[in-house]
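Notes for the one structure printed next.
One is the number of the first residue; the rest follow in order along the sequence.
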Amino acid sequence: MPPRPAALPAPDYGVPPAEALPRAREFADELVRRRTVRDFSDRPVPPGVLAEALRAAASAPSGANRQPWRFVVVTDPALKRRLRAAAEAEERVFYERRAPEEWLSALAPLGTDASKPFLETAPAVIVVFEVHRGPASPRPYYVKESVGIAVGFLLAALHHAGLATLTHTPSPMRFLNELLDRPAEERGNLIIPVGYPAPDATVPDIDRKSPTEVVVWR
């Protein structure tokens with residue numbers, strides 16, 4: 001029988017029952033106001049905010065506690081410019097040759113195309129990598145699920161701090177390894193521009209499914 005792992009007391013979940021619903025409602029109200037923003041100002045992010053949001057992201061649960069994520073924060077203007085150029089090259093191929101008409105029709109209401117100026121104009125860009133088995137990293141488990149949870153934590157933390165974000169997924173993403181000097185066992189998962197909306201920024205007028213459409217009570 002393997003030895004019992006070291007243990008700590010469980011965190012304090014001592015929210016009074018009377019406060020549980022108001023707290024849940026307040027948090028939900030805050031998150032449902034989040035929208036993907038594609039037009040950023042060059043207003044800088046206050047010092048320390050990204051580090052705290054990333055600390056929250058890195059606290060996410062993961063398969064076997066392998067924590068298979070790497071967050072590369074890009075703020076250098078020249079590197080952001082190169083990131084945009086490389087991502088747009090992939091996107092042009094996607095829109096012109098790879099994407100089926102059904103997919104392009106689904107994207108049409110969002111107004112997206114191969115141009116990605118937000119990768120250059122946003123004051124910070126967080127590139128998320130999955131960490132797979134390598135010379136200095138053990139085999140991970142449930143990698144995409146684990147990274148997805150961490151990204152959810154990250155988006156919520158950034159929104160809570162008053163920052164706008166979007167999630168960009170160029171495909172393929174191997175160019176990120178060379179551009180950001182990352183080893184082969186790290187695989188691009190997501191690119192997240194972070195900052196404040198431009199003064200004239202707009203978002204698509206779209207609907208979200210109602211809770212009755214996505215939640216099943218049994």
Side-chain angles (χ1 to χ4, degrees), residues 5-41 43 45-71 73 106-107 109-110 112 118 122-131 140-169 189-198 201-218:
L8 296 170
D12 180 13
Y13 285 93
V15 175
E19 294 181 19
L21 178 57
R23 284 167 62 115
R25 182 177 290 123
E26 180 181 7
F27 189 64
D29 286 344
E30 182 175 2
L31 284 188
V32 298
R33 287 195 296 269
R34 184 203 168 272
R35 292 296 304 272
T36 290
V37 170
R38 291 182 170 81
D39 298 306
F40 287 83
S41 77
R43 178 182 169 191
V45 175
V49 173
L50 293 180
E52 289 302 316
L54 289 164
R55 185 167 71 93
S59 74
S62 61
N65 195 37
R66 294 298 199 206
Q67 304 164 60
W69 42 65
R70 188 83 68 238
F71 303 97
V73 184
L107 291 173
L110 304 179
T112 64
F118 45 74
V125 177
I126 300 173
V127 182
V128 184
F129 287 87
E130 304 168 5
V131 180
Y141 302 93
Y142 300 104
V143 179
K144 291 192 180 298
E145 295 86 346
S146 301
V147 173
I149 296 170
V151 167
F153 278 31
L154 177 59
L155 295 177
L158 292 168
H159 179 72
H160 187 63
L163 294 170
T165 57
L166 70 84
T167 52
H168 177 47
T169 52
N189 176 277
L190 204 61
I191 301 175
I192 306 175
V194 183
Y196 294 96
T202 61
V203 296
D205 184 9
I206 56 176
D207 295 322
R208 288 193 173 101
K209 293 181 179 179
S210 69
T212 58
E213 295 178 274
V214 298
V215 179
V216 178
W217 299 89
R218 298 295 297 269

Taking the side chain as C-beta and beyond, is there a heavy-atom pair between [X] and [Y] under 4.5 Å?
X      : Y      : result
Pro68  : Ser62  : yes
Pro140 : Val131 : no
Leu110 : Thr36  : no
Leu166 : Phe40  : yes
Leu163 : Tyr196 : yes

Provide the closest heavy-atom pair for [X] versus [Y] in the form atom of the first, atom of the second, distance.
X      : Y      : answer
Arg34  : Arg208 : O-NH2, 2.9 Å
Ala150 : Trp69  : CB-CE3, 3.6 Å
Val128 : Ile192 : CG2-CD1, 4.0 Å
Phe153 : Ala60  : CE2-CA, 3.7 Å
Val194 : Pro123 : O-CD, 3.3 Å
Pro22  : Ala18  : CD-O, 3.4 Å

I need the Ile191 CD1 to Ile126 CD1 distance, nearest 0.5 Å.
12.0 Å

Side-chain donor/acceptor of Arg35 to backbone N/O of Pro204, under 3.5 Å:
yes

Using modelled atom types only, decide if a donor and an acceptor are shared between the side chain of Arg23 and the backbone of Val15 within a distance under 3.5 Å.
no

Looking only at side chains, do Thr112 and Arg38 share a donor and an acceptor under 3.5 Å apart?
no

Is [X] atom [atom1] crowded by more than 12 heavy atoms from other residues, nucleotides or ligands, each under 6.0 Å away?
X      : atom1 : value
Tyr141 : OH    : yes
Tyr142 : OH    : no
Glu145 : CD    : yes

Partners passing salt bridge (Lys or Arg N to Asp or Glu O under 4.0 Å) against Arg70 (at least two apart in sequence or in another chain):
Glu186

What pairs with Glu52 under salt bridge (Lys or Arg N to Asp or Glu O under 4.0 Å), at least two apart in sequence or on another chain?
Arg55

For residues 154-162, please give each side-chain donor-acceptor pair under 3.5 Å, one per line with the distance, not counting sequence neighbours.
from   : atom 1 : to    : atom 2 : distance (Å)
His159 : NE2    : Glu30 : O      : 2.7
His160 : ND1    : Glu30 : OE1    : 3.1
His160 : ND1    : Glu30 : OE2    : 2.7

